[in-house]
Amino acid sequence: MTANTNFLAHLNSSQRRSVEHYCGALLVVAGAGSGKTRALTYRIANLIRTHHVDPAHILAVTFTNKAAKEMRSRIELLFAQQQAELKFGKPWGALDDYQQTQLRSHVYKTIIKDLWIGTFHGLFSKVLRFDIEKYQDEKGRTWNKNFSIFDDSDCQGLVKQIVVKQLDLDDKKFEPRAVRYAISTAKNQGLSPDEYSKQQNDYRGRVISDVYKHYQDALCANNALDFDDLLLVPVQLFRQNAQVLDYWHRKFRHILVDEYQDTNRTQYDLIQLLVTNGVDSKTFNNWEHRSIFVVGDADQSIYSFRAADFTILMNFQDDFGDSMPDDRTETMVKLEENYRSRENILAAANHLIQHNTQRIDKILKATRGEGEPIFLYKADNEIDEAEFVVSQIRKLLRENPELNYGNFAALYRTNAQSRPIEDAFVRSQIPYTIVGGLKFYDRREIKDIVAYLRAIANPNDTVSLLRVINTPRRGVGQTTIDNLQNAAQQLGVPLWEILNDETSVKTVAGRSSKGVLNFAEIINKWRSESETRPVVDIVTGIVEDTGYVHELQTQGTDEALERIQNVQELVNATIQFQEESDEPSLEAYLASAALSSDLDNLQEGKEAVSLMTLHASKGLEFPIVFLVGLEAGLFPSFRSLNDPMAVEEERRLCYVGITRAQEMLYLSHARERRLYGSREPAIRSQFIGELPPELLNSNLRTKIKAQTPDRTSPKDPKTVGKTNAQTTGWRVGDRVIHRSFGVGQISHVFGTGNKQSIAIKFPNLGQKIVDPKIAGLQKID
DNA sequence: ACAATGCTATTTTTT
DNA sequence: ATAGCATTGT
């Protein structure tokens, strides 16, 4: 047991309590930089090492694939380090490279391989590969295990088809994007088309529900699922098939969820079902050899647009925990010591976030000394702002030889803001990597090749077939395609059945049949090859047989050249996939491609400045951070301005940004910014005024002073009188009327007295959390 | 069947 | 500003 004591030694008491948690429920409220990844990885190691839990019984959910990868590798290292002592009697560092690799690969085979670590989407798409054939939806629709995963643009295309072609509606009035979003929201609330339909009583709602039905038909016809289905289908399957649920419930005895504040309803349902085997959480109490361990920070909840709901985190104590107050509870631990940022940075972050009304009370405690003041730069325009970033990077590099480009990050609200910064970096020859924006797998050429792969894996995937039936050009035009599709529809068979039948093609396609037949032949050839050959071979084979790269070469433009490069990168990606994956099937590759994000490719240790959105920066840290574009309407986004809860989310986003910084933080805003091509005047963000002025240095003469009144200040006339009459007495179930949201029903009450906030469900707006002191609430009897 | 031209929405954030 | 889209022309 010496190894154990050793390994728990460098943890503080809260971390230690988390790591040593064995059975039952535990909520770890983990502030930014408080060592939550360490808590998670150590706990998994401790379950296996101390409690002899079989790795195959552990399910760990992360927010990104990158986090999953990192978690695996950290756990691997922990075990490898232990075994270094056991097998070689030496500390890890004293081993040579060969011994290290040998140990790591041994650990991988015996432990890591069996752990289920991944994102919700990744993990449950894997579950579906096993069990989707046991699922049937309310209309009897079924899927098989070769299902395709449709990305956002595939889905939007489907919706557009339905709106315009099938229902003959105006796509100005029913924007595919908006309709798709509505369907997605319905799915995230766990509503099937029928259930959704029942809730609609206006025209628009009924149309959307109609589109939703057709949309499900289309997905089914393609044997395809969208992102939301990857979670919703397992929930429905678990509910309709007790044996399937029981199997996974027995398998996943220890469940860990990271970033719990950003889970949505469906994700919660999955966790709830797996933990309790379908029993109500409140009556469930069989925690023998079983645990649920979630880590999160309500202050970092920034995905409500994706239906994330941090009240799920705030309800954890009632759902799974002992519901005791904070000072007596056994099922919650707070990690409040911050090991990342300097005190000045933390003070700014703490100060800012206290402007929010709805949060779990928590403050980050500094452990690393005061540090430099925060610097605020007021730029003339976005170009000046970018040049400021450049000049500071140069200055800091000059003055601090230990720094390199990799220690810097520039964070912004929207992807479009990267442009001027990129331009400035190019001019100044500063190396940079940009994370996010256009994803690798969103590039046209990559989507083309992947469409071939999808069509090969899943003959019913008509969307993919249509994408590439004439790519590269093989003389198959729109009329031919229409004829083929009509034929398929008349016969009630998937398009592929027509393409695969020579006589049909010749009758329907006439002169164009040569191209169609050639296409079908290529698909057939590689479909049979795919049974034995690895994914790389299929990719290179497709590229070769279709003349895809050849066509690009004849074009010879710069753009074409870049596309060729990207195709080569795809080949490399498949090789890498094969090396890293323990199940290198075509289906598994396609799943990983569909669910991968650009973020996953961020290599640390590369000497380049990182550029990314604030959302993408969650979970990362950098010695020096530039937070740019702090302007009203940009950050906070103009879409949030009339919704107090949305502004709170923007503020949390700002909090996330600030807490990425370890040593130094630079904030900037421009007086004038180019937007859509024209210059627009800009005023600085309210968030700047919410930071403590004494921590800020600035290039301005005028002293910065707080201009926004403190919302909870008793000087605010609205908060006096009116509210004192009704600060207490809010109860779940009460019907209330809200100044701007209308009538709703209270679904939850958080906290007591002055710190109270309440969640209200509004029939059309969903759930909102409001501060009763400022919301102008009235109870209706 | 395909190229060229003009029009338009796009900008919140992403698994 | 610009890329992707739709409509038009060859």
Side-chain angles (χ1 to χ4, degrees), chain A residues 61-68 118-125 149-153 155-157 160 164 171-172 175-178 181 184 187-188 225-231 259 262-264 266-267 301-308 411-420 423 435-439 441-444 470 472-482 509-512 515 559 591-600 612-618 629 633-641 643 646-647 649-650 652-654 656-657 673-680:
Chain A
V61 188
T62 59
F63 196 69
T64 61
N65 294 304
K66 180 173 174 265
T119 63
F120 272 107
H121 293 83
L123 293 166
F124 287 93
S125 70
I149 300 169
F150 277 5
D151 68 23
D152 252 14
S153 69
C155 297
Q156 207 170 302
K160 191 174 173 184
V164 179
D171 66 344
K172 293 264 156 49
E175 279 182 89
R177 201 183 142 80
Y181 188 75
S184 177
K187 286 190 175 185
N188 282 321
L225 300 178
D226 64 20
F227 281 167
D228 305 319
D229 288 331
L230 296 179
L231 312 177
E259 308 285 9
D262 279 322
T263 51
N264 65 33
T266 318
Q267 292 166 339
S301 168
I302 54 176
Y303 281 93
S304 73
F305 68 93
R306 220 171 73 188
L411 310 179
Y412 35 78
R413 178 67 242 264
T414 67
N415 278 306
Q417 288 169 259
S418 69
R419 257 284 178 59
D423 290 348
V435 181
L438 61 158
K439 279 189 287 182
Y441 284 99
D442 278 348
R443 283 161 221 227
R444 206 205 317 178
N470 196 33
R473 306 258 117 87
R474 46 174 80 86
V476 183
Q478 196 55 53
T479 18
T480 310
I481 291 171
D482 287 347
R511 277 200 312 257
S512 307
E559 205 192 327
S592 95
L595 301 173
S596 90
S597 75
D598 202 47
L599 226 134
D600 307 331
M612 68 189 88
T613 63
L614 287 153
H615 283 88
S617 77
K618 189 164 83 161
L634 184 62
F635 189 26
S637 151
F638 69 95
R639 283 164 206 264
S640 67
L641 290 179
D643 178 353
V647 172
E649 176 145 325
E650 298 279 312
R652 291 194 291 272
L653 195 52
C654 188
V656 167
R673 182 173 295 269
R674 262 199 136 77
L675 195 67
Y676 300 110
S678 64
R679 288 187 193 292
E680 298 288 340

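Chain letters run A, B, ... following the sequence lines, proteins first, then strands; residues in each count from 1.
- The distance between atom CG of A:Asp229 and atom C1' of B:dT15, rounded to the nearest whole Å, is 13 Å.
- Contacts of A:Ser640 with the nucleic acid, taken as non-hydrogen atoms under 4.0 Å apart, are absent.
- Residue contacts for A:Tyr303: at a heavy-atom cut-off of 4.0 Å it reaches the sugar-phosphate backbone alone, with no base atom in range.
- The CD-C1' distance, from A:Gln267 to B:dT14, rounds to 12 Å in whole Å.
- Among the nucleotides B:dT14, B:dT15, B:dT11, the one closest to the side chain of A:Thr119 is B:dT15.
- In this structure the side chain of A:Leu411 never reaches within 4.5 angstrom of the side chain of A:Thr613, judged on heavy atoms.
- Rounding to whole angstrom units, NE2 of residue A:His121 and P of B:dT15 are separated by 9 Å.
- Atoms CZ and OH, from A:Arg419 and A:Tyr412 in turn, are 11.5 Å apart once rounded to the nearest 0.5 Å.
- An OP1 or OP2 oxygen of B:dT11 is reached within less than 4.0 angstrom by no side-chain nitrogen or oxygen of A:Ser637.
- Aromatic stacking is marked for A:Phe305 over B:dT13, as both cut-offs hold: 5.5 Å for the centres and 30° for the planes.
- In summary, of the residues considered (A:Asp228, A:Asp229, A:Thr266), a side-chain hydrogen bond (donor to acceptor under 3.5 Å, both in side chains) with A:Lys187 occurs for A:Asp229 alone.
- At the phosphate of B:dA1, OP1 or OP2 sits under 4.0 Å from a side-chain N or O atom of A:Thr479.
- Atom CG in A:Asn65 sits about 14 Å away from atom P in B:dT14, given to the nearest Å.
- Remark: A:Asp262 does not engage A:Arg306 in a salt bridge, criterion side-chain N to carboxylate O under 4.0 Å.
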Under a 4.0 Å heavy-atom criterion, the protein footprint on nucleotides 2-10 of chain B, written with B, S and -, is SS-----SB
Test side chain to side chain donor-acceptor pair (under 3.5 Å) applied to A:Asp152 and A:Gln156, step by step = CA-CA 6 Å; A:Asp152 252 14; A:Gln156 207 170 302; over 6 Å; no
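- Atoms NZ (A:Lys160) and P (C:dG4) sit 14 Å apart, rounded to a whole Å.
- Taking side-chain N and O atoms only, A:Thr480 has a distance below 4.0 Å to OP1 or OP2 of B:dA1.
- Contact annotation: the side chain of A:Gln267 approaches that of A:His121 to within less than 4.5 Å [non-hydrogen atoms, C-beta and beyond].
- Here B:dT13 presents its P atom at 5 Å from CG of A:Asn415, a figure rounded to the nearest Å.
- The nearest whole Å value for the distance from the CD atom in A:Glu680 to the P atom in B:dT11 is 17 Å.
- By the 30° and 60° cut-offs, the orientation of the rings of A:Phe63 relative to A:Tyr303 is tilted.
- Here the side chain of A:Arg419 is nearest to one of B:dT13, B:dT14, C:dT2, namely C:dT2.
- Following rounding to the nearest Å, A:Asp152 (CG) and B:dT11 (P) show an atom-to-atom distance of 12 Å.
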